[in-house]
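In what follows, chains are A, B, ... by sequence order, proteins preceding strands, each numbered from 1.
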Protein chains: 2
Amino acid sequence: MPAASYSSLPASPAAAQRAGTEQLRRHSLALVLSALREEAVLSHTALSERTGLASATVTAVTGDLERLGAIERQDQPASGGRGRPRVLFARRRRFSHAVAVQISSDALHYGLADYGGTMIDRFSRPRDIAAGTPDSLLSDMGEAIARLIQRSRLEPAEVGAISLSSKGIVDADGGRLVWSPVFGERSVEFSALLEHWPAATLFVSNETLLVAHAAARKRMAESPAEGGAGLIALSLGHSIGLGIARIEEGQFSVSAPNFGHMLNAVDDRLCRCGLRGCIEATAGFYGILRIAFQVPPNTIPARFVPLTEIEKIALSARQGTRMAQHAFRQAGLALGQGLSRVLSLHENLPVIVTGPGTRFYDLMQPGIEEGLRQSLHVRLNGLPKMTVVTDESSLVFAGHVDRALTAVDQRVVGLR
Amino acid sequence: MPAASYSSLPASPAAAQRAGTEQLRRHSLALVLSALREEAVLSHTALSERTGLASATVTAVTGDLERLGAIERQDQPASGGRGRPRVLFARRRRFSHAVAVQISSDALHYGLADYGGTMIDRFSRPRDIAAGTPDSLLSDMGEAIARLIQRSRLEPAEVGAISLSSKGIVDADGGRLVWSPVFGERSVEFSALLEHWPAATLFVSNETLLVAHAAARKRMAESPAEGGAGLIALSLGHSIGLGIARIEEGQFSVSAPNFGHMLNAVDDRLCRCGLRGCIEATAGFYGILRIAFQVPPNTIPARFVPLTEIEKIALSARQGTRMAQHAFRQAGLALGQGLSRVLSLHENLPVIVTGPGTRFYDLMQPGIEEGLRQSLHVRLNGLPKMTVVTDESSLVFAGHVDRALTAVDQRVVGLR
DNA sequence: ATTGTTTTTCTCGACAGTCGAGAAAATAAC
DNA sequence: GTTATTTTCTCGACTGTCGAGAAAAACAAT
């Protein structure tokens, strides 16, 4: 409860608002569309119940949406009870499509989803970190996306959104990657990609932000009544990612703070970003490696550490090797201290831990808890609820698709 | 830009939403009311321009508000130009009143404002920190507020809101002070105060949150177009306070993180909260004192340090005493490092520095900047814009009044 | 004094949206 | 074939916003 917060009046009134009552209709359209995302197929009455709109209004709204081509009636009889058979509405899958690309340090994962939210194609391409440049990455991605679209025989205009994610710092509005583990401060301008798919909106997100997005969406779908304040997603791996989703009044907003490079302690541990004392420099895979092997802390970090390396360290830690245990404990401490700072700034949100590093969670947990307990906030509110979710990638893709389709929905709503 | 953030769809649809088109009217009412808070007196046409509502709608809305008693026409001829004289609308001052109490460690400051937002009475009472208990504080406040209201010959029912602020951690919804410098973990239940003023809504806010509130409101009034992301208020004194206001789409929301007791470094410096390494333990007045006089860092902090003590240290620092300079530098470092963490979590917001500690800002500034520069975020985005504002108290009261009257407005809007 | 000019407010009819109630539709049961 | 049942759709009432023009209320000119 502590970190008090509330929000205030309109204030800047003449802001971008249109006519009066038509705004209302837009809201109703959005309501129906969003209900049809949570539950793929709904009858007239079910829509009325879920959205709170009167039955008459549902008729009007679904009529609009059918005319726009965004939804369609399923002609399945769906023979159930006795009376007039219900008409079932569903999003029209061919209406639009979303491309998702997960850019990770060793591979690129591509996915294509239809307007209904189901993945219709996906493939991966390995990535050569050493050889790549921002330009080569862009052209590789352009080709791969073209391929993805051709395989499903789609027209370029049928791509409504392209959503990219990477670890690192992102300028969401500008479609740029500002800082990334691989390219450092050489920024990548993804907006150039849009040339070939003019109908598409581009999203560039931090990867862990999407995890938080997907987790928050899931939580809201499962317990809609819960005004729960939100959640934190923490991704452990070569780098450390964090996403925060805050839920308020049925809406949620999500942000990706620059957690991995938040200052942790004034120590000598050199980070990939060139500074010292970042959380990542202790808790990232290369940080763990450095401590475990007692490499001097100011050694320039390895660009990439294979997971098997860390697993060896973990094995020896589990067998009792002191230095390996110490490395994981230090990593946990840095994470716990960092988390305690995040919690001081927000409320006491539950934490979802993902990423390849979760296999070592048992080794880090004591350190994490110790670090957390060092702050007044945690002492007053107790430890946050921590949940480990191993399958990060599917959360990332869920986040991609949800975010992209939400945008398409908004465009639909804007068309009257 | 980095810390990417966006917000999402409605989603939980059947939430507390009333009938359809009446919502619209409520919005229009709020628009007019809020315009009349930014500019005390506005004509029919001016209202139409500022709110974006059609002239006909303004007639309808002002009619409603007059009927409710919230606004009134000023019968001033306001003889200006040539044509039909404009009717001027203003908030009806007697419509409601707000009580504001600033609880500081050495005094209680009381204020009474009318619905127009002007202070009509104020006085202060000294506070004996050593002798007081939560109960005695409550009863003192009850009496003082009663006195305040009687002096202006108001009925209890004419008090629409009571807004309290303190340093420390606040449970805004519950009307409780969870942790305070004076009472520690002995919480104070202010909700008991409401007994005597049943028509009033109670607000309990962190003091620096109100500073951020007032500053954000001011900024929006001055440059409404600016979608500026928000601002941070930092209050320096015996304890350290922080408030964050984020402005998005004409709305702003404000929160008060637990900054003073955010973990800064794992050192031995004992904080008033009983833990070690809090920012306050280095940057609060008692922290500065402890370092300057080379008292062992784990000494139990003084409950209160007179400002003159710190001024003496500042004087000797300005005269070149090393240890005094060191103390301010350490304080600055802790603040800068802490701020860098806040900035990592939000965007690169400008910072407003207030509080009694601002007189020593010149001594702390180098340390602050050094601390800030230790994080990747600052390196990428540059130092935040820092502005010193000495008159903290008037910002606090402005925040109190604005917050309280906003709540009264919302109640008005709710009444049809 | 009367008439015209100007500026602002107010009124009126049109339009868009939502809602409740009941009509209409479409099926299963009898 | 008729009836019961369930769901969808239609209709009229209500609320709200808007644009246009009428009405109001002043000053200026004659």
Residues forming a salt bridge (charged side-chain N to carboxylate O under 4.0 Å, His left out) with A:R411, sequence neighbours excluded: none
From [atom1] of [X] over to [atom2] of [N], roughly how many Å is that when rounded to an integer?
X	N	atom1	atom2	result
B:L88	C:dT7	CG	P	17 Å
A:R26	D:dG16	CZ	P	20 Å
A:L47	C:dC19	CG	C1'	17 Å
A:L29	C:dA16	CG	P	15 Å
A:Q23	C:dA16	CD	P	16 Å
B:Q74	C:dT8	CD	C1'	17 Å
A:E49	C:dC19	CD	P	15 Å

Candidate nucleotides C:dT18, C:dT9, C:dA16, ranked by approach to the side chain of B:S43 - the nearest: C:dT9
Given C:dC19, D:dT5, D:dA26, the nucleotide with the shortest approach to the side chain of B:P85: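 Nucleotide nearest to B:P85's side chain: D:dA26.
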Any A:R86 side-chain nitrogen or oxygen under 4.0 Å from OP1 or OP2 of D:dT7: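 Yes, such a contact exists.
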Contact under 4.0 Å: A:S28 side-chain N or O vs C:dT18 OP1/OP2: yes
Touch class at under 4.0 angstrom, heavy-atom based, for B:R25 against every strand present: sugar-phosphate
Residues forming a ring-ring contact (aromatic ring centres under 6.0 Å, His included) with A:Y115, sequence neighbours excluded: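 Counting only residues at least two positions away or on another chain, A:Y115 forms a ring-ring contact (aromatic ring centres under 6.0 Å, His included) with A:F95.
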B:P350: partners by side chain to side chain contact (heavy atoms under 4.5 Å, CB included), with sequence neighbours left out: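 B:R219, B:L231, B:K385.
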Residue list, side chain to side chain contact (heavy atoms under 4.5 Å, CB included) with A:D64, at least two apart or on another chain: A:R25, A:L29, A:R67
B:L36 vs B:L47, side-chain contact (heavy atoms from CB on, under 4.5 Å): CA-CA, chis, key distance, verdict: CA-CA 8 Å; B:L36 279 172; B:L47 272 174; 4.3 Å; yes
Write down the protein N/O and nucleotide N/O pairs, taken from nucleotides 10-14 of chain C, whose separation is under 3.5 Å; answer none if there are no such pairs.
from, atom 1, to, atom 2, distance (Å)
C:dC10, OP1, B:R73, NH2, 2.5
C:dC10, N4, B:S55, OG, 3.2

Worked verdict on B:T118 versus B:R93 for side-chain hydrogen bond (donor to acceptor under 3.5 Å, both in side chains): CA-CA 9 Å; B:T118 51; B:R93 303 176 82 166; 2.3 Å; yes
Degree of bending in the helix from C:dA1-D:dT30 to C:dC30-D:dG1 once both end axes are built from five pairs, to 10°: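 The two end axes of the helix from C:dA1-D:dT30 to C:dC30-D:dG1 meet at 30°.
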Any side-chain heavy-atom pair of B:R91 and B:D114 under 4.5 Å: no
Any side-chain donor near an acceptor of the partner, B:T406 and B:R37, under 3.5 Å: yes
Earlier contact from the 5' end, DNA chain D, for A:T45 and B:L24: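 Here A:T45 is the residue nearer the 5' end.
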Sub-6.0 Å ring centroid separation between A:H400 and A:F203: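 No, ring centres 6.0 Å or more apart.
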